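Owing to the predicted nature of the structure, the values given are computational and were not obtained by experimental measurement. Every chain is numbered from 1 and lettered A, B, ... according to where its sequence line falls, protein lines coming before strand lines.
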There are 2 protein chains.
Amino acid sequence: MNDATGTGRQMETARATEGPGGPGPVILSPFVRVARIPMHHQIREDLVLNLNSGRFQPGAELPGEAALCAHYGASRGTIRHALADLARDGLIDRQAGRGSFLRHPKIEGSVVGSYRQFRIEGPPLDAGGSVLSLTRRKADANVAEILGLGVDRAIYFLRRLRFAAGVPVTLQTSYLPVALCPDLQKHNLDERHLIDILLQEYGVAMARAEELIEPAIADEHDAKHLGIKIGAPVFQIERRTYLADGRIGEFRRAVMRGDVYRYRLDLR
Amino acid sequence: MNDATGTGRQMETARATEGPGGPGPVILSPFVRVARIPMHHQIREDLVLNLNSGRFQPGAELPGEAALCAHYGASRGTIRHALADLARDGLIDRQAGRGSFLRHPKIEGSVVGSYRQFRIEGPPLDAGGSVLSLTRRKADANVAEILGLGVDRAIYFLRRLRFAAGVPVTLQTSYLPVALCPDLQKHNLDERHLIDILLQEYGVAMARAEELIEPAIADEHDAKHLGIKIGAPVFQIERRTYLADGRIGEFRRAVMRGDVYRYRLDLR
DNA sequence: GAGTGGTCTAGACCACGTT
DNA sequence: ACGTGGTCTAGACCACTCA
């Protein structure tokens, strides 16, 4: 549970490849509005129906906003309201300067379309945590690739045990470029959020992050620190945190107690 | 891994209770706009900062849209854009005729505020699946409570092994009120989505669903059907699917292969 | 009736990607 | 240069809640 190598998915999702010439444009069926129901709802549902009809391939381009205004007889604000809903739900991709494009064929046998809400349930993490180790080392090939650095560039290797209400709940291993935060060891990692130290001490602002969540099993090391049994179910979470310019500021792998945290999903 | 009883979280999140008189109003700190960054982003982040400052209790009422327009010197459309983002991310509740109110205390030490996007990564499920058993029985106390039925009301107990591209990937146990779908056994559960059968054969439309996701370990039964080893990490997923009137139409517990699926989260 | 959020319009300017 | 989506404004009418 401790290597920074690939995780070895056994069945990768098939990436849709664009054939030569690419998928055709989306052509809408006629539309009649119904009274009493908000226009942008009707437009959204009509677009969902059209896009899910199977007549179009992923990647197909939607009509521009102006064309949709004409087709639906609505103002641009209303059209944009409907399109924003579709984009939020992952049905379409929108790109300024290019257009709007159909995304996935259909995600899963979910209730109707897509996830609406996602949150973790459990006690909030305390700031900081117990630093198990903080060392400077040279990046090996894996870490260098993940962080987008040259091999042998200096990185910090930070292991912390973190608590919620004083109870150990997650064990985190972080990799950070030394160039980003020289002398990191001088700061109080026991009591401050890493993200706050980066921002306040180094002026480094994290813009966004990606997490990959998998089920895993506590090994001896995990079990000892988290106070659980070897073999107990845990979440394994990989997080890549990005700077504003797209570089990765931190790569982290965490093991989180499965008996304390769970994820909750709302589907609509 | 197979009882329908409670899951026994060890540390429940504390529910904030409203004191007598209720929580006070939200009072905003002064705001200075920065050039080059969209106004509604800045307003959203400023509101996040204010709401997460700890100065306000859950339930606290935000200033009205007009007041926010004045405070931020922006038009109503821009203010509404920012507020819509906050509502979408679950930070506030908005109610027409009443106002906007602060929701949760604070979720987690995430990058700045909240989850933006999440999806499951892995191959799409095939429709239907191999029915391992479909029996009619009387609801025991646990299932009756979950489904909101009286004890001893008839339920269907359905176990299916489901596939993705022909490979077994998830084992599902469903509980449905017989009243909702009498003679369910007459329909082709091997090849159709349960949700489609309910809609097309019984006119029962599922409105929304909730899922709880935990890490778990494959037991002998899981391992045998899914073709994995006993003790292999899996996701355990509880799903409650709701009808439009709020009743629960299906309670399901599923075990999903951890080597095939993972969740991806985008944080902003 | 006053205040709230929900809907909708019409118009403007911008950054961006393509041609 | 042109079309795309992103941002923002100013104003209007509505349904709803609450005093």
Side-chain angles (χ1 to χ4, degrees), chain A residues 18 21-23 25-26 28 31 33-47 51 59-103 244-246, chain B residues 21-22 25-26 28 31 33-47 59-103 116 268:
Chain A
E18 325 265 288
V26 168
L28 269 16
F31 169 80
R33 113 155 259 192
V34 177
R36 307 263 59 172
I37 300 179
M39 192 65 166
H40 69 270
H41 281 161
Q42 296 185 46
I43 294 173
R44 169 164 54 77
E45 292 311 314
D46 185 70
L47 285 168
L51 296 177
E61 181 167 5
L62 273 70
E65 296 181 355
L68 292 174
C69 291
H71 183 260
Y72 289 110
S75 75
R76 197 170 161 225
T78 304
I79 295 294
R80 282 182 61 77
H81 194 159
L83 290 174
D85 283 351
L86 296 182
R88 164 165 50 80
D89 291 347
L91 201 65
I92 62 172
D93 268 332
R94 312 196 71 198
Q95 290 166 260
R98 300 227 309 126
S100 300
F101 304 89
L102 179 55
R103 281 233 300 193
D245 61 13
Chain B
V26 168
L28 268 18
F31 170 78
R33 117 154 256 191
V34 178
R36 308 261 56 167
I37 301 179
M39 193 65 167
H40 69 270
H41 281 161
Q42 296 186 46
I43 294 172
R44 169 164 54 77
E45 293 311 315
D46 186 69
L47 285 168
E61 180 167 6
L62 273 69
E65 295 180 357
L68 292 172
C69 291
H71 184 260
Y72 289 110
S75 75
R76 196 169 161 225
T78 304
I79 295 294
R80 281 182 61 77
H81 193 160
L83 291 174
D85 283 351
L86 296 182
R88 164 165 51 80
D89 291 346
L91 201 66
I92 62 172
D93 268 332
R94 312 196 71 198
Q95 290 166 261
R98 300 227 307 126
S100 300
F101 305 88
L102 178 56
R103 281 232 300 195
R116 276 305 169 80
R268 298 275 156 82

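- Annotation: the span from A/R80 atom CZ to A/S75 atom OG amounts to 11.0 Å, rounded to 0.5 Å.
- To the nearest 0.5 Å, atoms NE2 (B/H81) and NE2 (B/H41) are separated by 6.5 Å.
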Stepwise side chain to side chain contact (heavy atoms under 4.5 Å, CB included) check, A/Y72 with A/T78: CA-CA 10 Å; A/Y72 289 110; A/T78 304; over 6 Å; no
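- Distance B/H41 NE2 to D/dG6 P: 10 Å, rounded to the nearest Å.
- Taking atom NE2 of residue A/H40 and atom C1' of nucleotide C/dG5, one finds them 13 Å apart after rounding to whole Å.
- Going from atom CZ of B/R88 over to atom P of C/dG6 covers 14 Å, rounded to whole Å.
- One can place CD of A/Q95 at 12 Å from C1' of C/dT18, the figure rounded to the nearest angstrom.
- A distance of 8.5 Å separates CG in A/L86 from CD in A/E45, rounded to the nearest 0.5 Å.
- To the nearest angstrom, P of C/dT4 lies 12 Å from CG of B/L62.
- Atom C1' of nucleotide D/dT4 and atom CD1 of A/I92 are separated by 13 Å, given to the nearest angstrom.
- In terms of phosphate contacts, B/R98 brings a side-chain nitrogen or oxygen within less than 4.0 Å of OP1 or OP2 of D/dC18.
- Side-chain contact between B/I43 and B/L68 is absent, with no heavy-atom pair separated by less than 4.5 Å.
- A close approach under 4.0 Å does not occur between any side-chain nitrogen or oxygen of B/S100 and OP1 or OP2 of C/dT4.
- Rounded to an integer number of Å, the gap from A/E61 CD to C/dT18 P is 11 Å.
- A/I43 places its CD1 atom 13 Å from the C1' atom of C/dT9, with the value rounded to the nearest Å.
- B/V26 places none of its side-chain heavy atoms less than 4.5 Å from the side chain of B/L47.
- Checked against C/dG6, D/dG5, C/dT7, the side chain of A/R94 finds its nearest nucleotide in D/dG5.
- To the nearest 0.5 Å, atoms CG (A/L91) and CG (A/L102) are separated by 6.5 Å.
- Residues of residues 68-85 of chain A having a heavy atom closer than 4.0 Å to DNA chain D, listed by number: A/R76, A/R80.
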